[in-house]
Amino acid sequence: MEGNERKVPHGEEADTEAWQRLSAYAYLSAPERLEYVAVMRVFCGTLLADLSVPDLLAKLAEKDIPGAALDAETLTRRLEELVRWGNLLRSTHTVKATSITEYQRSRSRYQLSKLGERVQRGADEVLAGADAAREVSSELLVLVDRGLREIAAMAAAPGGADPRQALERISTLFVQFAEFAESVRDFYAYLGQVLARYDLDSAEYQGFKELLLDYVEAITEDVSFRAPRIAAHLDAVRPHLPGLLARIDAHAAGMGALADGLPETRVQRSRGRDIGDWDGLREWFTDTGGHSSQVDQLRDATLRALQSLLANAKRMLRSASGEMSRRKDLLRLAAWFDAAEPEEAHDVAVAAFGLYGARHLGVAPDPDRSVPAYVSWWTGPVVDVPVALRERGSRAPRGRAAAAENHSEQKRRLMEQARQQAEARQAAADELRSASGRFDQVRFSAPAMRLLLELLTAALGNARLKKNARDFLLDGAQADDVDLGIRLTAWRTPGRSTVLRSVDGDLTADDLTLAVEGLAVETASAPAMGEVSA
């Protein structure tokens, strides 16, 4: 190495080249991507044509597309960016102009690069049918089997195969196989996307179940049946491949001669002209080098699809028992996040998930002093850190362990408190039963009113709306408390109101009728039902 020259390692050259190629996708994620796509589609609609800014403006104005409103200056900037990314090339064609104005308009001409054409073609394919369910071209597998059998017979014939006929068979074979393999990948990608959903209703589930059990099973069986035969044909052709491909190259060298004459020029041969293409075809149908074949991966993908189908079946069974999907709620929440400003989004997140910011680290605050979540560290109350933790960094106590504290008095006090609460609820239930049939004549105590509202809330939560010929009715609006021996039933009565009076205030329930009754037990019959109406 002489002077200051630096020899770039081969790995760095490969990384630089890959980075330059990936830059060709930059316009698809730019803020003005719709305008860039419109410009690239104009170039892709031509062959070996170079266009100037006025030509592009005229072509864009013919269609109602995002780039139709671009002016010359803005369009020039877009074209320069596409040149920098490698999607376009500056034209080297000679410009013939009859005036200075015409020369100024035509001096900057652009043409499509090979990489730019492939990127735009792939983008158009994604935009045209990314979510569509592609049918698997299973009939092509039969043609692949037949083509390999014919090639094997031609290669094993005395005198070898005719180069022209062999080239036709090989080119047709690899086109058919490429179309089949691509359709399989697209179909299974779509199938995985569908089965990953957890919001399938019964009709959708039934349709996809039939699709999986019938269509996918037919594909798997067809591939499993053809794979051994295709693998046998490939094994028969393999010993003859070097000589067969050499005869084809001698008969029709194609662009391979350009690669031999210009080593710096890379030539992508048509499929089937290299040994590597045949190795890839063989790996699709047989296990090689410890790697499973695509046929085995197809069986595994079908098994995973069946497992996803069973998962959806279990989900729908849980939904039938009351555990409904929350997808609609989550989508509504996502819409709120999308429409919210940054500060509002923080409030929505706190309200939805309760993920408050940390307030204290390491030491719990005083349980008797409540600190709201919006209080900052700077203005909030401090926490007393124990001396042992502050000085030694450890909470472990030193010295003799204290005797175990006697909690018998606290237990007795809690049991007495629980007994009093149970007696109060029982007295409230007795008050409701004693007032059965004359609720409009009495004023309930606060505990009795709380118990009544508790039963009413549970009854309405258990109710189901049912529509008759004229109105909506409540079906199953009933709540029981077995410990208290009481039951409340509610039903909808249009035009009537129920008024419940208590020491804390009055409650009016429109179009609602309530009934309270005692639950039947083994030692006594059920008390009579009382009905409330106004």
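The basis for the numbers below is simple: all heavy atoms, side chains too, and nothing from hydrogens, waters or symmetry mates.
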key: For Tyr27, all residues meeting ring pair (Phe, Tyr, Trp, His ring centres under 6.0 Å), sequence neighbours excluded   = none

Just jot down the side chain to side chain contact (heavy atoms under 4.5 Å, CB included) partners of [X], sequence neighbours excluded, or say none.
| X | value |
| --- | --- |
| Leu143 | Leu140, Arg146, Gln176 |
| Asp338 | none |
| Glu405 | His407 |
| Asp504 | Ala446, Ser502 |

ask   = If you measure from the Lys or Arg side-chain nitrogens to the Asp or Glu carboxylate oxygens, is any gap between Arg84 and Glu81 under 4.0 Å?
value = yes

message = Under 4.0 Å between a side-chain nitrogen and a carboxylate oxygen: does that hold for Asp279 and Arg282?
response = no

Using salt bridge (Lys or Arg N to Asp or Glu O under 4.0 Å) as the criterion, list what pairs up with [X], not counting sequence neighbours.
| X | result |
| --- | --- |
| Asp296 | Arg299 |
| Asp430 | Arg433 |
| Arg229 | Asp145 |
| Glu221 | none |

query = Would you say Asn87's side chain and Ala24's backbone share a donor-acceptor pair under 3.5 angstrom?
reply = yes

task = Spell out, as yes or no, whether a donor-acceptor pair under 3.5 Å connects the side chain of Ser23 to the backbone of Trp19.
result = yes

task = Using the ring of Phe444 (Phe, Tyr or Trp, six-membered ring only), decide whether Arg501 places NZ or CZ under 6.0 Å from its centre and within 45 degrees of its axis.
result = no

task = Among residues two or more places apart or on two chains, list those pairs meeting salt bridge (charged side-chain N to carboxylate O under 4.0 Å, His left out) that have a residue in residues 409-418.
result = Glu409-Arg412, Glu416-Arg419

request  = Assess the pair Tyr25 and Trp85: is the distance between their ring centroids shorter than 6.0 Å?
outcome  = no

message = Can you tell me how far apart CG (Leu281) and CD1 (Ile230) are? Round to the nearest 0.5 Å.
response = 7.5 Å

Can you give me every donor-acceptor pair (side chain of residues 447-459, partner residue at least two apart or in another chain, under 3.5 Å) with its distance?
from, atom 1, to, atom 2, distance (Å)
Glu454, OE1, Arg425, NH1, 3.2
Thr457, OG1, Leu453, O, 2.8

task = With sequence neighbours excluded, tell me which residues meet side-chain hydrogen bond (donor to acceptor under 3.5 Å, both in side chains) with Glu283.
result = none

